[in-house]
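By convention in this document, chain letters (A, B, ...) are assigned in the order of the sequence lines, proteins followed by strands, and residues within each chain are numbered from 1. Below, all heavy atoms of this structure are taken into account, side chains as well, without hydrogens, waters or symmetry copies. Just so we're clear, the structure is a prediction, and the values are computed from it rather than from any experiment.
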Amino acid sequence: MAETARPWKRRRLSPANGGPRVTTPVHVRVPKEEFDAEPDGGLDATALDRAWYDAGESGAVFGDDAPFADTWADRERENALHQKKMAVRQTVNPKFLQRQKDNDAWESNRMLASSVAQTRDQGYVDFSADNDDIRLHLLVHDLKPPFLDGKTIFTKQLEPISAVRDPQSDMAVFARKGSKVVKERRQQKERQKQAQEATAVTGTALGNVLGVKDEDTDSAAPTNGAPLVKNASSKFADSLKKDTGQSNFSRTKSLREQREYLPAFAVREELLRVIRDNQVTIVVGQTGSGKTTQLTQFLYEDGYAKNGMIGCTQPRRVAAMSVAKRVSEEMEVKLGSTVGYAIRFEDCTSKETAIKYMTDGVLLRESLTNSDLDQYTCIIMDEAHERALNTDVLMGLIKKVLARRRDLKLIVTSATMNAERFSRFYGGAPEFFIPGRTFPVDIQYSRSPNEDYVDSAVRQVLAIHVSQPVGDILVFMTGQEDIECTCELVAERLAQLNDPPKLSILPIYSQMPADLQAKIFDRADPGVRKVIVATNIAETSLTVDGIMYVVDCGFSKLKVYNPRMGMDTLQITPISQANASQRAGRAGRTGPGKAFHLYTERAFRDELYIAQIPEIQRTNLANTVLLLKSLGVRDLLDFDFMDPPPQETITTSLFDLWALGALTNLGELTDLGRKMTSFPMDPPLAKLVIMSSSSGTSACSEEILTIVSMLSVPSVFYRPKERLEESDAAREKFFVHDSDHLTLLTVYQQWVANGMRDGWCTKHFLHPKALHRAREIRQQIADIMKSLSMPLVSCGYDLDIVRQCICSGFYPQAARRKGLGEYINLRTSVSVQLHPTSALFNSGDPPDYVVYHELILTSKEYMSCVTAVDAHWLADLGGVFYSVRENGYGAAGRREVEYSKKAELEEAIRIDRERAKGGEGGGDGVHVGVSKKAVGNGFKKPVGRGSAVVKPTIGRRR
DNA sequence: GAGCACTGC
């Protein structure tokens, strides 16, 4: 590979300064191979490692320039982008050539941001079709709204934040490398498969026969041949319910006795006194202290529910439900009366409700309609130390509410680690400590670093199994593949031992069918030890009794947002010290336990963050920014984030929202944007729904509603490893030519037409759980639409209308065909591929233009969920980015002018209207993050943006 | 020609 040819010293490219970008929502995973495949030439491995990991290390990796590329893949892409740009130069556009002549001109382009018109003249790329018989030119504009002029500061966090504490540390390096045994196993399986295919076609048939009857798989090898989901409905939930209150203690003692036994009960009076004396109290309650169930009852007994409700937020739905149930039992009231809960799709409260448990997302939505949260006298934010996105936003919001409402009490509960941070955030609020009731856990560290965490974990499990007394083992792994490999290896190596003691090996991860998940709660036969190999799901979401040993690999998969690429990446990352303690604590729930960390004590101390980077600093915020805007937060700099999100994340989100038409050129919410906040989903999907019901004769809200719901659930297609061909064939039956979105629509329609039967799903390799959930979501969106008097209309058989509508929401993610199955993103010139599972893959007539739902980065950059569109639609519906010209220059010029004039005109009218109204929020005229100069220019030279207004023109395809 | 931690409205 020509290492030296890489233009390392390129300028930093970012959306804010005109660099490449990909808009939301994209979901990207970085494969481990990416980093192993690094060539030796050019740069040494350490430098590559350093450059790969860390956007936060803005230090000198390559001279004085910041390491513009966050990942190795980024740099590959940027390099490719550079070459593409060069290639584009050779195609016709003289203006573009002129611009490229001097690189400084490109550089200074961002300085011109104050004048959008100029940017428009200079910054477009001409994607003329190479083909002679296609006389169509799609021009791509490089526009920015004036309020994103690159000068305005939106946050106190200017630098990106690294997901790892030290990118050069052993653990960070091991995380990047991944597990060697897993890799070997993957290769081995591929070879086996190839050999099988080569020798006999009947081999697969045999596999199918075996696959069908493996429902009674013995527990020692549960991963080989997961049975088809027969009835995945609610067995998991059942076993969760069964699990609560199953211990000896809860069977023998009355509820009242149990309550009094809790540590929280002993400190009741003192706690109530502190709460009475302070507006905000931080309660440091360890696991088993009873804080979640008791705090609300104490407050209720102390009369706090007389003038309103006591609200208690939870980060997870199951927790909100099960805790509410428990408290209603303790108080001997019917669930839903005095004690109730509210989660998405389910409001189990009534007029009498005094104690309300809910997810934090619900409270956030409530604050949209009642910003002072008047219905509450007291709010408890439970598990705040987890720093979930919604919790963090709520904390900022409530801080403002507290200043307005002196009568409101806030109680934040946290683990020991971050208690002090919360106290500081709320102006030195007192910390109240409730001891926990857990058993001591003996913590052991590895003596030397373990390069392969899967291999080490397997050896540790076997060591425990043959040498330690009875007690079940819980292993923390990173993901499905690691888990399956660990299970198989344990089974294999155990079999090699001479007369080994019995061991039941149980994997668990969230994507596993529910009935298989439930197996981990079954009691093992006498004399059999259980080993559960789990992802993070076992860290907080579910608790298994009887765990005495914990094996912690020290890593987990973490979603990290890369604002520069506008993508999420899923990376294996070292956990934090807080995570490590939490994992270890799982061994001490029912008795004294032991925790084996597969890393050294030094690594624990020096290489791990004390606590994980809060979600708000490592996630796409388009949704959150929209929410805050609609809550009247004009200047994001003013919003009190406990940990502010990085600047680039905010600018990317603002840009995305502007490009969708949710924000004006001044950064204020448009009518469309305000409407979008009513829908609990990603902004592009919300726009889709709105467009689908507001396009008059070309409305198709019935169809779009289904598609959006299907996009909001995990994939409905079930693809068990051992029956790949069969399941693929089943999926292909649903294919709609030219569109994966329409394929999803077909699946849903067929499912309904077949009585929504689980049996039918099984037959066609579909996940019944996902389909049922899609139906729930569909109903909820339909209700919201009804409340906004948006019509539900079907377009009947004219599915072109649906595709146009899809185009109106996803035009920022559009690509043009470059080769067989290969496309390039129109705006970023990044090369993207059709995913082999797409309906468009291997179709005889690949479309020239497509839009896609998300990007997935694995071995290549894949578009997932793709729909063919017409170039005219892109220009009509995505006027911010595209315009079209046809049949040579004469007509072309006219055509383009026609479009941009139309858009400009509409925008001018709109801005005029806005001015007449005196600013859209009807406020004091302070504009979000807009410098005075930019505002002026914004008025003078409105940018052509009619995308949300231009009605789709039907039937323009050749 | 293929890989998805966990939440949430």
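The separation between A:R387 atom CZ and B:dT7 atom P is 20 Å, rounded to whole Å. Summarising the geometry, the separation between CD1 on A:I616 and P on B:dT7 is reported as 20 Å, rounded to the nearest angstrom. Rounded to whole angstrom, the span from the CD1 atom of A:I483 across to the P atom of B:dA5 amounts to 8 Å. One can place CD of A:Q780 at 14 Å from P of B:dG8, the figure rounded to the nearest angstrom. Distance, A:L631 CG to B:dC9 P: 17 Å, rounded to whole Å. Atom P of nucleotide B:dC9 and atom CE of A:M676 are separated by 20 Å, given to the nearest angstrom. Rounded to a whole Å, the CG atom of A:L364 is 14 Å from the P atom of B:dG8. Atom CG of A:D728 and atom P of B:dG1 are 14 Å apart (whole Å).
Within 4.0 Å of A:N579, counting heavy atoms only, lies no atom of the nucleic acid at all. Here A:T359 lies in heavy-atom contact (under 4.0 Å) with sugar-phosphate atoms only. Looking at heavy-atom distances under 4.0 Å, A:L389 makes no contact with the nucleic acid at all. Among the atoms of the strands shown, only primed sugar atoms or phosphate atoms (P, OP1, OP2) are found under 4.0 Å from some heavy atom of A:R316. A:Y862 comes within 4.0 angstrom of sugar-phosphate atoms only, judged by non-hydrogen atoms across all strands, and of no base.
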### Chi angles and distances behind the salt bridge (Lys or Arg N to Asp or Glu O under 4.0 Å) call for A:D728, A:R731
CA-CA 5 Å; A:D728 284 352; A:R731 192 184 60 247; 3.1 Å; yes

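With A:D392 as the partner, the side-chain contact (heavy atoms from CB on, under 4.5 Å) test is satisfied by one option alone out of A:E386, A:R387, A:E615: A:R387.
Among B:dC4, B:dC6, B:dC9, the nucleotide with an atom closest to any side-chain atom of A:K557 is B:dC4. Picking from B:dA5, B:dG8, B:dG3 the nucleotide with the shortest atom distance to the side chain of A:R317 gives B:dG8.
By the salt bridge (Lys or Arg N to Asp or Glu O under 4.0 Å) test, A:D382 is found to be paired with A:K291, residues two or more places apart in sequence or in another chain being considered. Every residue two or more places apart in sequence or in another chain that forms a salt bridge (Lys or Arg N to Asp or Glu O under 4.0 Å) with A:E539 is listed here: A:R583.
Environment of CZ in A:R775: sparse, with no more than 12 heavy atoms of neighbouring residues, nucleotides or ligands closer than 6.0 Å.
Phosphate contact (OP1/OP2 of B:dG8, side-chain N/O of A:R365, threshold under 4.0 Å): absent. Within the 4.0 Å cut-off from OP1 or OP2 of B:dA5, not a single side-chain nitrogen or oxygen of A:S510 is found.
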